[in-house]
Amino acid sequence: MKIATWNVNSIGVRLEAVLDWLRDNPVTVLGLQETKTPDGTFPRAAFEAAGWQVCCTGQKSYNGMALVSREPLTDILTDLPGVAGDQKRFLTATCNGVRVVNLYVPNGSSIGSDKYVYKLAWLEALASHLRAILPRFPRLVVMGDFNIAPEDRDVHDPAAWEGHIHVSPPERAAFRNLLNLPLADCFRAVDPEPGRYSWWDYRQGSFRRNIGLRIDHVLASPALMERLRGCVIDKQPRGRERPSDHAPVMAEFDL
DNA sequence: ATGGCGCGCGCAGCGCGA
């Protein structure tokens, strides 16, 4: 079973890129973030015509989530318990016996801002929810755009990023709090090297120069980690014309 | 260090992202 996550930065602009990627990477389920469109304008028919099932929770212009799957998606939940408001940043469903939680963690803007406070509160609510469901769902995947680079090896220039969003100690503590549930970072279970990124700024030729951050993650529960076969960041789509600034991250389990 | 980039919205240029 292959499970993947991808922040597509608008499904309207990226539809062909996503369909092409799914043709080349026939995963069981793909979680999308930043679809940026309400459910009524999500290109559901294009996915269904290619043999995919879709569930989505979107809004105009900002945020927006989807799960695209070969297998039925059941027990769908579109709101993170404990978080008020209408930001569409959470979508979870059960697929092939695995509870799949798809996330778009708030960016946080800058350290100390209202959005930063919201980000940390959101991560607290997430940890509470996951702690509550882990006994019921021993096979649990938590994936998405976390907007956190967990360690310095996930940052091209840690000194330049010090004091900035994505790397602050409270954000990293919130990430470790998720690992302590316990969940494991699938990519780091198979590749410990620095220089492995999932996001590169559109500016300054950052992708060509591999100046980026590893902020998109697939976390898995112990029962799944026993079965982890591999995890890769696929840089190929980032090299296309009009790419998303994020790369897909894909994990494979013996299921 | 931050402007460059790219998105939506909507028709100019701004808010936002990371």
Side-chain angles (χ1 to χ4, degrees), chain A residues 5-18 21 31-43 56-66 85-90 102-120 122-123 126 143-172 174-175 187 194-218 233 235 237-249:
Chain A
T5 174
W6 194 3
N7 180 325
V8 292
N9 189 13
S10 170
I11 191 59
V13 173
R14 228 66 69 194
L15 177 60
E16 290 308 313
V18 175
W21 189 84
L32 303 177
Q33 305 92 40
E34 284 209 87
T35 54
K36 296 189 175 182
T37 196
D39 297 347
T41 49
F42 189 94
C56 58
T57 179
Q59 65 187 103
K60 200 173 181 178
S61 305
Y62 302 108
N63 311 316
M65 313 296 292
D86 52 8
Q87 297 186 32
K88 301 304 185 185
R89 297 181 174 276
F90 180 90
N102 183 24
L103 309 174
Y104 177 43
V105 177
N107 172 293
S109 187
S110 60
I111 294 172
S113 66
D114 289 348
K115 290 178 179 177
Y116 181 77
V117 173
Y118 180 78
K119 179 179 193 173
L120 294 178
W122 199 96
L123 288 162
L126 174 65
M143 65 180 181
D145 177 356
F146 284 70
N147 273 316
I148 300 170
E151 301 177 27
D152 279 355
R153 62 179 164 163
D154 303 311
V155 180
H156 79 273
D157 186 348
W161 275 90
E162 194 167 349
H164 290 266
I165 202 72
H166 309 301
V167 304
S168 72
E171 290 168 88
R172 287 177 165 179
F175 188 85
F187 184 79
R196 310 298 200 216
Y197 307 130
S198 67
W199 171 85
W200 303 260
D201 199 300
Y202 284 118
R203 297 168 288 191
Q204 298 177 282
S206 296
F207 179 65
R208 176 177 52 79
R209 299 156 65 199
N210 198 32
I211 293 173
L213 303 173
R214 194 178 70 93
I215 55 177
D216 301 270
H217 309 297
V218 179
I233 301 170
K235 294 172 72 170
R238 186 62 176 78
R240 286 173 60 121
E241 291 292 315
R242 290 230 288 173
S244 168
D245 43 357
H246 294 254
V249 185

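So that the names make sense, note that chain A is the first sequence line, chain B the second, and so on, each numbered from 1.
- For A:A160 and A:S10, each mapped to the nucleotide of DNA chain B holding its nearest heavy atom, the one lying further toward the 5' end belongs to A:A160.
- A:L213 has its CG atom 10 Å from the P atom of B:dA18, to the nearest Å.
- Partner of A:Q33 under the side-chain hydrogen bond (donor to acceptor under 3.5 Å, both in side chains) criterion, out of A:N102, A:D145, A:N7: A:N102 alone.
- Residue A:N9 places no side-chain N or O under 4.0 Å from the OP1 or OP2 atom of B:dC16.
- Separation of the P atoms belonging to B:dC14 and B:dA1 is 27 Å when rounded to the nearest angstrom.
- Using atom P as the reference point in both B:dG6 and B:dC11, the two lie 23 Å apart (nearest Å).
- Taking the side chain as every heavy atom from C-beta outward, A:P237 and A:R14 never approach each other to under 4.5 Å.
- Distance, A:Y62 OH to B:dC14 P: 14 Å, rounded to whole Å.
- Contact annotation: A:N147 reaches the phosphate of B:dA18 (side-chain N/O to OP1 or OP2, under 4.0 Å).
- Residues A:Q87 and A:Y104 are not in side-chain contact: their nearest non-hydrogen atoms beyond the backbone lie 4.5 Å or more apart.
- For B:dG17, the OP1/OP2 oxygens have no side-chain nitrogen or oxygen of A:K36 closer than 4.0 Å.
- Picking from B:dC7, B:dG4, B:dG17 the nucleotide with the shortest atom distance to the side chain of A:Y104 gives B:dG17.
- Distance, A:L32 CG to B:dC7 P: 16 Å, rounded to whole Å.
- If you take CH2 on A:W161 and CG on A:D152, they are separated by 12.5 Å, rounding to the nearest 0.5 Å.
- Nucleotides B:dT2 and B:dA12 are separated by 23 Å at their C1' atoms, to the nearest Å.
- Taking a cutoff of 4.0 Å between a charged side-chain nitrogen and a carboxylate oxygen, A:D201 and A:R209 do not qualify as a salt bridge.
- For A:D145, the listed nucleotide lying nearest its side chain is B:dA18; candidates were B:dC7, B:dA18, B:dG17.
- Summarising the geometry, the separation between CD on A:E171 and C1' on B:dA18 is reported as 11 Å, rounded to the nearest angstrom.
- When the C1' atom is compared between B:dG15 and B:dG10, the two are found 14 Å apart, to the nearest whole Å.
- For A:Y202, no side-chain nitrogen or oxygen approaches OP1 or OP2 of B:dG3 to under 4.0 Å.
- Within 6.0 Å of CG in A:D157 there are more than 12 heavy atoms belonging to other residues, nucleotides or ligands.
- Applying the 4.0 Å criterion to OP1 and OP2 of B:dC7, one finds that A:R14 has a side-chain N or O inside that range.
- Residue order along DNA chain B, read from the 5' end via each residue's closest nucleotide, puts A:P38 first among A:K115 and A:P38.
- Across all strands, A:D216 comes closer than 4.0 Å to no nucleic acid atom at all (heavy-atom distances).
- In this entry the distance linking CZ of A:R89 with C1' of B:dA18 reads 12 Å, nearest Å.
- Taking atom CH2 of A:W161 as the reference point, atom C1' of B:dA1 lies 13 Å away to the nearest angstrom.
- Taking the six-membered ring where tryptophan is involved, the planes of A:W199 and A:H246 are tilted, since the angle between them lies from 30° to 60°.
- Nearest to the side chain of A:S61, among B:dC7, B:dG4, B:dC9, sits B:dC9.
- Spacing between atom CZ of A:R203 and atom C1' of B:dC16 amounts to 11 Å, rounded to whole angstrom units.
- Within the 4.0 Å cut-off from OP1 or OP2 of B:dA18, not a single side-chain nitrogen or oxygen of A:H164 is found.
- The nucleotide B:dC9 finds its pairing partner in B:dG13, both defining distances of the Watson-Crick or G-U wobble pair being shorter than 3.5 Å.
- Between B:dG3 and B:dC9, the two P atoms lie 26 Å apart (nearest whole Å).
- For the pair A:N107 and B:dA18, the criterion of a side-chain N or O lying under 4.0 Å from OP1 or OP2 is met.
- Counting to the nearest Å, the P atom of B:dC5 and the CZ atom of A:R238 are 13 Å from each other.
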